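To start, the structure itself, in structure tokens.
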Amino acid sequence: MASAKLSVLPSLRRQHLLAEFAGLKQACPEGIFVSLTPGDPSLWSGVLFVRDGPYAPAVLRFQISFPDAYPRLPPLVTFSTDMFHPLVTPLTTYMYTTDIQDNGTVSATDEERLPPGGFSLRHGFPDWYGRRVKSADAVSQSIQTPPRQLAPSLESGKTSSSKNSAVGGSPVYTDTSRKETSTFEVLGYIRSTFDDEDVLDSIPLEAAGNPGAWHAWRTRQRSNGKVFADNDHSEDSTPTPAGASKKPGEWNWEGVWEERVKKGIAASLSESVLYGGVGAGEDVIHFLSMEENDIEAVKGNLLRTLGHTPS
């Protein structure tokens, strides 16, 4: 009997992912496009068009890999577009985990290590992680939702939203009635970390995929007059012993965020990244370089298809 159930699990998992993907075709977070990898429903490719906030107007490519135990265990989100972001590990180094501390020590399990370009979901969905969770079944009973209430109501068909009001603290968004987290919520949370300064401000250092980018962002915000309410160890004033290297929190991050992000945005919009270059042949989603007149013609055709008259 047990073997019969196990033989059905892969099929059930595929159907679950295909159903979620079909739902996204009807209602996907604005600015995000996703596509299935042919022959592998557990690997999705996506593009994030950042339209607002501190990372606009970047165009970022990413992939989502779903484990066998999804949605009880989290998917792995990796960006192939390099971007200086508190939650994204640099592409050049297999360096950080979902439990990095200011002194550089690592305490995360091997399963929680982030690869190059890995996006940390620890802040948005903390109960998917941590050694306090004893089993995948325990995780499925206590999933938290991201800073904005992103999941559409099945009864009303409407989408509600609520800003995260905790600056520099733990997320205050919880919905204990939900037992599973959907890809809609995950995608919405990812988008919010690029276009919503309040979400970026609320990320704790322990959840960072790139502690350097975290410190640079905080320095940028403090220079703009932002006061953080949290008492995390980034503000630790304990002097570094003589001869020891400085902690990341003691480095001079003035202007670093602005410079690195500006370069990252420009690189994400370059022709080699959008239309070709290294690794382009492996991308499931392709962009087509078109003249302005051709773009307007395509827009007009789309509007007519949707029943609208082009202006």
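Nothing fancy with the numbering, it's 1 onward along the sequence. This structure is a prediction, so every number in the text was calculated from the model and none was measured. Computed from heavy atoms alone, side chains included, the values below leave out hydrogens, waters and symmetry copies.
- We find that K263 and E259 are joined by a salt bridge, their nearest charged nitrogen and carboxylate oxygen being less than 4.0 Å apart.
- Closest non-hydrogen pair, D52 versus D195, comes out as O-CB, 3.1 Å.
- With contacts defined as side-chain heavy-atom distances shorter than 4.5 Å, the pair F62/L48 qualifies.
- The main-chain N or O of V227 is never found under 3.5 Å from a side-chain atom of R222 such that the two would form a donor-acceptor pair.
- A side-chain donor from one of H123 and Y189 sits under 3.5 Å from a side-chain acceptor of the other.
- E254 has no carboxylate O lying under 4.0 Å from a charged side-chain N of R220, or vice versa, which leaves the two without a salt bridge.
- In this structure, L36 and P41 approach most closely via the heavy-atom pair CD2-O, 4.0 Å.
- Side-chain contact check for F184 versus I32: every heavy-atom pair is 4.5 Å or farther apart.
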>> Does M83 form a side chain to side chain contact (heavy atoms under 4.5 Å, CB included) with R260? I'd like the steps, not just the answer.
In response: CA-CA 8 Å; M83 183 56 69; R260 293 287 301 275; over 6 Å; no

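- Of the possible polar contacts, none joining the T81 side chain to the S268 backbone as a donor-acceptor pair under 3.5 Å is found.
- S45 is listed as a side-chain neighbour of T37, based on a closest heavy-atom distance under 4.5 Å.
- Closest heavy-atom contact between P115 and L76: CD-CD1, 3.9 Å.
- Atom CZ of F21 is separated from atom NE2 of H16 by 14.5 Å, given to the nearest 0.5 angstrom.
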> Which is it for Q63 and T78 under the side-chain hydrogen bond (donor to acceptor under 3.5 Å, both in side chains) test, yes or no, and what are the steps along the way?
Replying inline: CA-CA 5 Å; Q63 285 189 327; T78 54; 4.6 Å; no

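- In this structure, the side chains of Y70 and E20 come closer than 4.5 Å at one or more pairs of heavy atoms.
- Put simply, the side chain of W128 gets close to the backbone of P71: a donor and an acceptor are under 3.5 Å apart.
- Residues P75 and T183 form no side-chain contact, since every pair of their non-hydrogen atoms from C-beta on lies 4.5 Å or further apart.
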> Going through the checks in order, is the side chain to side chain contact (heavy atoms under 4.5 Å, CB included) test met by I64 and L187?
Replying inline: CA-CA 10 Å; I64 306 179; L187 291 172; 3.7 Å; yes

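- Listed by chain and residue number, nothing satisfies the side chain to side chain donor-acceptor pair (under 3.5 Å) test with S35 (two or more places apart in sequence, or in another chain).
- Here CZ of F33 is found 11.0 Å from CZ of R61. Values are rounded to the nearest 0.5 Å.
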> Under the side chain to side chain contact (heavy atoms under 4.5 Å, CB included) criterion, do L60 and V50 qualify, and how do the steps go?
Replying inline: CA-CA 8 Å; L60 309 173; V50 186; 4.2 Å; yes

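- Heavy-atom minimum distance, G188 versus P29: N-CG, 3.7 Å.
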> Does the side chain to side chain contact (heavy atoms under 4.5 Å, CB included) test come out yes or no for V256 and T219, once each step is laid out?
Replying inline: CA-CA 9 Å; V256 173; T219 300; over 6 Å; no

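- The existence of a salt bridge linking R13 and D68 is confirmed by a sub-4.0 Å separation between a basic side-chain nitrogen and an acidic carboxylate oxygen.
- Side-chain contact between K25 and V34: absent, with no pair of heavy atoms (C-beta onward) separated by less than 4.5 Å.
- Between F194 and H85, the ring planes lie tilted relative to each other; the angle falls in the 30° to 60° range.
- Geometrically, R218 engages F228 in a cation-pi contact, judged by NZ or CZ lying under 6.0 Å from the ring centre and within 45° of the ring axis.
- Across L200, T193, N210, a single residue satisfies side chain to side chain contact (heavy atoms under 4.5 Å, CB included) together with P86, and that is L200.
- Shown here for T181 and E185, the closest heavy-atom pair between the two residues is CA-OE1, 3.4 Å.
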>> Please evaluate residues F84 and W257 with respect to the criterion ring-ring contact (aromatic ring centres under 6.0 Å, His included), reporting the C-alpha separation (whole Å), side-chain torsions for both, the decisive distance (0.1 Å), and the verdict.
In response: CA-CA 7 Å; F84 193 62; W257 186 89; 7.9 Å; no

>> salt bridge (Lys or Arg N to Asp or Glu O under 4.0 Å) for E197 and K226? Distances and angles first, verdict last.
In response: CA-CA 11 Å; E197 291 195 10; K226 176 73 71 172; 5.8 Å; no

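- Taking the six-membered ring where the residue is Trp, F79 and F119 present tilted rings, their angle falling between 30° and 60°.
- Taking 4.5 Å as the limit, some side-chain heavy atom of S120 sits within range of a side-chain heavy atom of L114.
- For the pair P54/V261, no side-chain contact is recorded, criterion being any heavy-atom separation below 4.5 Å from C-beta on.
- Taking the six-membered ring for Trp and the full ring otherwise, the centers of F66 and W44 sit less than 6.0 Å from each other.
- Of all heavy-atom pairs spanning A267 and S270, the tightest one is O-OG, 2.7 Å.
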